[in-house]
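Sequence lines set the chain letters: A, B, ... in the order given, protein chains first and strands last, and positions in each chain run from 1.
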Amino acid sequence: MISSAYFGGVHLLPHPTNTHLRPPRSLTPDLLHSFNTPFELKQVHAHLVKTNTSLSTLPLSRLCSVCALTPSFAYAQRILDRLGKPDITFWNSCLKAFAESDSPSGAILLFYQLRQFDVFPDTFTCSFVLKACAQLSDILNGRIVHGYMEKLGLRSNLFLQNMIVHLYALCGALDDALLMFEKMLQRDVVTWNILINQLVKRGDIEGAFDFFSRMPVRSVRSWTSMIAGYVHCGKPKEAIHLFMKMEEEGLKPNEVTVVAILAACADLGALDLGRRVHDYSNRSGFRKNIHISNTLIDMYVKCGCLEDARKLFDGMEERTIVSWSAMIAGLAMHGQAGEALRLFSNMIQIGMKPNDVTFVGILHACSHMGMIDMGREFFASMTKDYGIIPNIEHYGCMVDLFSRAGLLQEAYEFIMKMPIKSNGVVWGALLGGCRVHKNIEMAEEAIRHLSELDPLNDGYYVVLSNIYAESQRWEDAAKVRKLMREHGVKKTPGWSSISVDGVLHEFVAGDESHPQAEEIFQMWGKLLQKIKLKGYVPKTSVVLLEIDENEKEKFLYRHSEKLALAFGLMKTPSRMPIRILKNLRVCEDCHAAFKLISEIVDREIVVRDRNRFHCFKNGSCTCRDYW
DNA sequence: ATAGGGTTAG
């Protein structure tokens with residue numbers, strides 16, 4: 001092993017990847033292939049020039065490409081001047097380097113420059129320029145290159161045609177991309193995949209599936225694109241369905257497929273499938289893939305298995321900011337704010353730089369635990385110490401923090417002073433606080449903004465109606481319902497799901513369609529008797545219907561999470577934790593009931609809310625009733 | 001030497 005080398009009168013710092021090489025006897029043009037940093041290469045080159053060593057274009061083009069990567073094109077330019085008339089190989093090397101660098105526009109400049117030298121672009125030239133255009137979303141120059149392709153007789157080159165389709169679709173010129181696609185005499189699987197990916201990016205999942213089903217041949221990537229597309233569009237069930245079909249066809253999921261399907265499992269809380277995919281991933285040798293580990297952390301967190309997530313996180317050889325952020329957000333979601341903050345300071349200690357997402361997790365942790373001053377400090381520190389400009393999520397967290405804690409006036413002023421436009425989430429957080437702290441005036445102010453910002457979101461009207469109902473202002477509650485009807489807003493039906501033996505069972509309120517509905521209602525009846533003895537009083541004010549109290553109780557007892565819990569208790573062995581997922585916030589009455597039930601049946605009940613986790617155990621919940 | 005898919009918050 002050499003730590004430094006001195007030869008030929010030139011000091012050279014060894015590049016890390018070259019430390020295993022023996023130092024060469026003399027400084028020859030070949031050396032331009034053995035070193036990788038512009039600094040080393042420039043020194044070698046300077047020496048070669050000084051000793052009048054003759055140089056071929058090939059090593060020089062290598063030198064230029066590395067110089068361009070810096071990008072220090074000036075140096076490459078000097079060599080270019082010396083050469084007089086460099087051939088296309090030289091140009092292509094430089095173009096490639098620029099296209100892959102942080103300043104792809106250099107490639108486009110070069111493309112115009114090379115034509116002054118009477119050099120004819122070839123396939124590679126076009127491909128590198130097109131790559132640069134794609135990076136810059138520069139459709140104008142892309143069209144010019146396209147024109148050149150026609151002139152240069154490269155029009156039927158499949159690679160270039162695919163790049164053109166990609167570029168047009170990427171820049172939003174979907175019609176042009178489709179025209180190109182139709183004009184192509186031959187297409188390969190990549191051509192189809194490009195279109196599928198771009199359609200997914202535009203949110204046109206149906207269009208993407210249409211292409212997918214028309215493909216003559218599908219590769220693993222085609223399947224993966226489609227599966228990832230469904231996850232991206234919030235259709236995890238379809239993603240899993242497709243994944244099953246892919247397995248049926250005997251195709252082997254790769255690392256990217258695994259990431260996509262794990263994200264779907266995270267969305268659905270499908271722990272069984274998630275574990276199966278985890279096992280598959282390990283057997284396939286994907287254990288070291290950092291994307292997979294990160295997604296696994298998120299999957300375990302969202303399936304309610306915080307310990308599994310933590311074990312995985314602790315066992316990782318390398319971690320990125322995504323790993324840390326996912327784990328911190330996971331702890332916050334599970335109400336472990338203290339541990340989340342400890343992890344954050346560990347992260348800072350080892351020199352990992354937090355990003356905006358990390359701070360969303362941190363601020364969440366603070367707001368879930370009512371740590372107001374801590375939250376303020378982090379909010380200030382994020383810009384002061386880390387140069388992160390708060391985005392709407394961060395403002396939302398802060399409003400949530402103040403509102404939950406009852407600092408409604410401060411929350412309101414905070415929104416008014418925000419330097420960016422507020423959104424529904426921000427006012428919705430204030431509205432939520434108004435409900436907890438029974439401030440009708442402020443709630444009415446919030447709803448004024450919400451009916452403009454997010455008029456079709458039913459959740460806000462429901463909260464306001466609840467606030468009125470809880471203060472016995474029935475006419476106002478009725479007015480809100482009327483308002484909803486007028487706006488054509490319907491209450492999103494609440495549903496809960498529970499997975500038993502790998503089968504996902506879904507319940508909606510008052511669900512009698514389940515084959516075992518009879519047994520489920522009986523089970524709930526038994527539980528009800530027991531918790532009533534423990535002091536449970538039904539909280540009928542959460543029922544927003546104009547009916548008498550007895551009827552309200554009946555509605556209350558058919559809430560989807562109660563049905564899912566009763567079913568879970570029937571179908572799973574004693575002591576096994578029960579995991580339930582709900583699409584809305586867990587209802588207050590169910591929350592009170594679940595606490596008592598966890599004690600009576602001596603079971604851990606984990607409920608994933610639309611916001612966070614509630615883990616009921618021995619009569620209490622990890623949210624400490626602060627939610 | 002040239003083309004397409006992935007994770008954290010909401």
message: Tell me if the CZ atom of A:Arg155 is crowded by more than 12 foreign heavy atoms within 6.0 Å.
response: no
message: With a 6.0 Å cut-off (strictly less than), is the heavy-atom count around CZ of A:Phe120, excluding the residue itself, greater than 12?
response: no
- prompt: Are A:Trp324 and A:Phe313 close enough that their ring centres sit under 6.0 Å apart?
  reply: yes
task: Tell me whether the guanidinium CZ or amine NZ of A:Lys131 lies under 6.0 angstrom from the six-membered ring centre of A:Phe128 and within 45° of its axis.
output: no
Could you give the [atom1]-to-[atom2] distance, from [X] to [N], as a whole number of Å?
| X | N | atom1 | atom2 | answer |
| --- | --- | --- | --- | --- |
| A:His232 | B:dT7 | NE2 | C1' | 13 Å |
| A:Tyr148 | B:dT2 | OH | P | 24 Å |
| A:Leu154 | B:dA3 | CG | C1' | 15 Å |
| A:Met180 | B:dA3 | CE | C1' | 12 Å |
| A:His146 | B:dA3 | NE2 | C1' | 15 Å |
| A:Phe159 | B:dA3 | CZ | P | 8 Å |
| A:Leu343 | B:dT8 | CG | C1' | 13 Å |
| A:Arg218 | B:dG5 | CZ | C1' | 16 Å |

Within the structure shown, what part of the strands sits under 4.0 Å from [X] by heavy-atom distance: base, sugar-phosphate, or nothing?
| X | value |
| --- | --- |
| A:Ser219 | base |
| A:Asn254 | base |
| A:Met299 | nothing |
| A:Asp298 | sugar-phosphate |
| A:Ser225 | sugar-phosphate |
| A:Gln161 | nothing |
| A:Asp188 | base |
| A:Asn289 | base |
| A:Ala263 | nothing |
| A:Ser127 | base |

Looking at the side chain of [X], which of [options] is the nearest nucleotide?
| X | options | result |
| --- | --- | --- |
| A:Phe128 | B:dA1, B:dT7, B:dT8 | B:dA1 |
| A:Val256 | B:dG5, B:dT8, B:dT7 | B:dG5 |
| A:Val360 | B:dA9, B:dT7, B:dG5 | B:dA9 |
| A:Phe124 | B:dA9, B:dG5, B:dT2 | B:dT2 |
| A:Asn355 | B:dA3, B:dG6, B:dT8 | B:dT8 |
| A:Val190 | B:dG6, B:dA9, B:dA3 | B:dA3 |
| A:His291 | B:dT2, B:dG6, B:dT8 | B:dG6 |
| A:Arg221 | B:dG5, B:dT8, B:dT2 | B:dG5 |
| A:Lys201 | B:dG5, B:dA1, B:dA3 | B:dG5 |

message: Check A:Arg275 with A:Asp279, please: is the shortest side-chain N to carboxylate O separation under 4.0 Å?
response: no
message: Using only atom types and a distance under 3.5 Å, with no angle test, would you say the side chain of A:Asn391 pairs donor to acceptor with the backbone of A:His394?
response: yes
- request: Could you note down all residue pairs passing ring pair (Phe, Tyr, Trp, His ring centres under 6.0 Å) where residues 279-306 of chain A supplies at least one of them, sequence neighbours left out?
  value: A:His278-A:Tyr300
- prompt: If only side-chain N and O atoms of A:Lys131 are considered, is one of them under 4.0 Å from the OP1 or OP2 phosphate oxygen of B:dA3?
  reply: yes
